[in-house]
Protein chains: 2
Amino acid sequence: MTEVNGSTSKIYLEVVEKLRNMIEKDGLNPGDKIPSERELSERLSVGRSSVREALRALELLGLIETRRGEGTFIKDFQEHKLVELLGTFFLQNTKVKKDLAETKQLLELDCIQIILLQASSESLDSFAKWAEQGNFDDQSYFGKLLEVNPNKLLERMWSIVNTYAQAAQVEFIQADLQAYIDLALALRQRQKAQTEQIYRERIRQGVSIKLT
Amino acid sequence: MTEVNGSTSKIYLEVVEKLRNMIEKDGLNPGDKIPSERELSERLSVGRSSVREALRALELLGLIETRRGEGTFIKDFQEHKLVELLGTFFLQNTKVKKDLAETKQLLELDCIQIILLQASSESLDSFAKWAEQGNFDDQSYFGKLLEVNPNKLLERMWSIVNTYAQAAQVEFIQADLQAYIDLALALRQRQKAQTEQIYRERIRQGVSIKLT
DNA sequence: GATAAAACGTGGTCTGACCACTATGATTGT
DNA sequence: ACAATCATAGTGGTCAGACCACGTTTTATC
């Protein structure tokens with residue numbers, strides 16, 4: 001018996017989908033509460049356990065947060081703990097690591113391209129000022145740099161790749177502080193050639209992947 | 001009554017953890033079968049529903065695969081759904097058309113970089129041969145090109161961005177067929193400057209975003 | 001009015017029951 | 001002996017109902 005399982009067999013996946021639509025339709029934002037498990041179960045005509053499977057999966061993904069006694073909320077996603085999992089799980093093959101390192105670098109260079117062409121002088125000024133304080137490490141530096149770039153999609157992609165890279169223990173060697181500062185200054189002056197040279201020769205030197 | 005909840009309240013998270021250890025300890029590899037839900041439930045002394053919540057979460061992450069009537073298997077980590085999911089959830093409403101087009105181009109250029117440095121001559125030959133047939137459009141051409149590049153992460157990212165770009169009706173203007181063919185030939189000869197020139201001036205000309 | 005107690009709502013977990021599907025082994029037919 | 005068939009057991013998929021633990025809200029009490 002049962003039941004015309006439309007397309008996505010597996011109820012919990014349908015619930016994920018419905019949830020996604022619901023969030024979009026109702027314009028829910030991070031922090032907002034979503035209906036209770038029992039209500040979802042009723043509204044979607046599925047068992048509560050199926051709803052829970054969907055919610056638990058989304059929770060592990062860091063997309064929602066549940067607080068016992070209170071409810072389930074959309075999460076402002078960041079630091080999903082799943083990532084450490086992935087790292088220790090099945091991420092330990094060198095090919096993946098190489099791809100991660102390579103991709104991360106490419107995204108950083110892409111970001112530099114965009115910044116050179118599109119970033120406002122003010123944002124570049126303030127970034128340079130921030131860099132001159134010297135209060136950063138490789139990771140936080142590029143995190144900040146990616147923020148300066150106006151392409152939010154690129155920023156998000158870098159963030160994800162970076163997270164994965166961390167999980168896989170792919171970390172770049174910390175370069176000389178001055179190199180990072182010089183990069184910021186070169187960016188501010190929109191010196192394309194110099195910027196790229198600093199990145200390649202002084203910051204990402206000696207890394208397995210060479211570009212250009 | 002419960003419960004000495006060691007550290008990670010939430011049983012399903014403990015199950016995830018236990019599973020991870022089990023996989024590591026037993027040296028299980030992609031394709032291998034993991035114990036059945038009922039057996040796990042018994043071995044870990046937790047309810048089957050908790051086991052299922054853990055498994056469903058890992059499944060949505062793309063770490064395992066379940067086949068009804070057969071069992072649950074470790075999956076090759078290649079096709080992780082993470083980026084996809086994050087995208088469908090939070091990347092939707094933003095007006096990212098520009099970002100999409102821009103990012104897509106950047107990824108294509110990144111791919112070209114990698115190909116110039118890493119692709120085998122044979123794969124470049126066969127790609128050029130394929131291109132000379134002229135049986136493609138802009139999209140399928142770059143889809144094929146991304147396949148030539150050995151960085152599977154990059155390929156996947158492009159594929160996703162491309163999918164979204166389509167959905168957002170961000171499509172590049174089809175260029176002259178000859179331009180695509182010439183690009184393939186330049187790639188085969190590993191002519192970096194020429195390759196990039198063709199891409200920028202003959203294929204992606206007139207697109208909103210200009211790079212370099 | 002302030003405080004304490006009870007009621008309610010919510011997530012967390014378990015159990016037991018079916019269903020649907022697959023693989024395996026026994027049965028049967030030739 | 002071999003092949004096709006069927007029965008069975010094992011597996012994931014789903015549901016319903018029952019508690020528990022915790023937070024919020026309402027109510028009763030002082």
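Naming convention: chains lettered A, B, ... in sequence-line order (proteins, then strands); numbering from 1 in each chain.
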Can you find a donor-acceptor N/O pair under 3.5 angstrom joining the side chain of A:Arg38 to the base of C:dG11?
-> yes
So which pairs with a foot in residues 39-52 of chain B pass salt bridge (charged side-chain N to carboxylate O under 4.0 Å, His left out), sequence neighbours left out?
-> A:Glu53-B:Arg52, B:Glu37-B:Arg48, B:Glu37-B:Arg52, B:Glu39-B:Arg43
Tested for side chain to side chain contact (heavy atoms under 4.5 Å, CB included) against A:Ile34, the lone hit among A:Leu58, A:Leu55, A:Thr66 is A:Leu55
Tell me which of B:Arg68 and A:Gly71 sits closer to the 5' end of DNA chain C, going by the nucleotide each one is nearest to.
-> A:Gly71
Can you name the residues that form a side-chain hydrogen bond (donor to acceptor under 3.5 Å, both in side chains) with A:Thr72, not counting sequence neighbours?
-> none
Separation of atom CZ in B:Phe73 from atom P in D:dG10, rounded to whole Å = 16 Å
Nearest-angstrom distance from the residue atom CZ of B:Arg67 to P of D:dG13 | 12 Å
Pairs touching residues 106-119 of chain B that satisfy salt bridge (charged side-chain N to carboxylate O under 4.0 Å, His left out), sequence neighbours left out = B:Glu108-B:Arg204
Just grab all the ring-ring contact (aromatic ring centres under 6.0 Å, His included) pairs involving residues 101-135 of chain B, residues at least two apart or on different chains.
-> B:Phe127-B:Trp130, B:Phe127-B:Tyr141, B:Trp130-B:Phe136
Given C:dT10, is OP1 or OP2 found less than 4.0 Å from the side-chain N or O atoms of A:Thr66?
-> no
Rounded to whole Å, the CG-C1' distance (A:Leu55 to C:dG12) equals 12 Å
Whole Å only: how far is the OH atom of A:Tyr12 from the C1' atom of D:dG12?
-> 12 Å
Can you name the nearest heavy-atom pair linking B:Val15 to B:Val51, along with the distance?
-> CG1-CA, 4.3 Å
Rounded to the Å, how far apart are B:Glu70 CD and D:dG12 P?
-> 10 Å
Please state how far atom CD1 in A:Ile64 lies from atom P in C:dG12, giving the value in whole angstrom units.
-> 9 Å
Strand-adjacent residues in residues 39-54 of chain B, judged by heavy atoms under 4.0 Å from DNA chain C | B:Val46, B:Gly47, B:Arg48, B:Ser49, B:Ser50
Write down the distance between CG (B:Leu13) and P (C:dT13), rounded to a whole number of angstrom.
-> 8 Å
Report the distance from atom CD1 of B:Ile11 to atom P of D:dA21, rounded to the nearest whole Å.
-> 13 Å
Selection residues 115-131 of chain A - residue pairs positive for salt bridge (charged side-chain N to carboxylate O under 4.0 Å, His left out), sequence neighbours left out = A:Asp125-A:Arg188
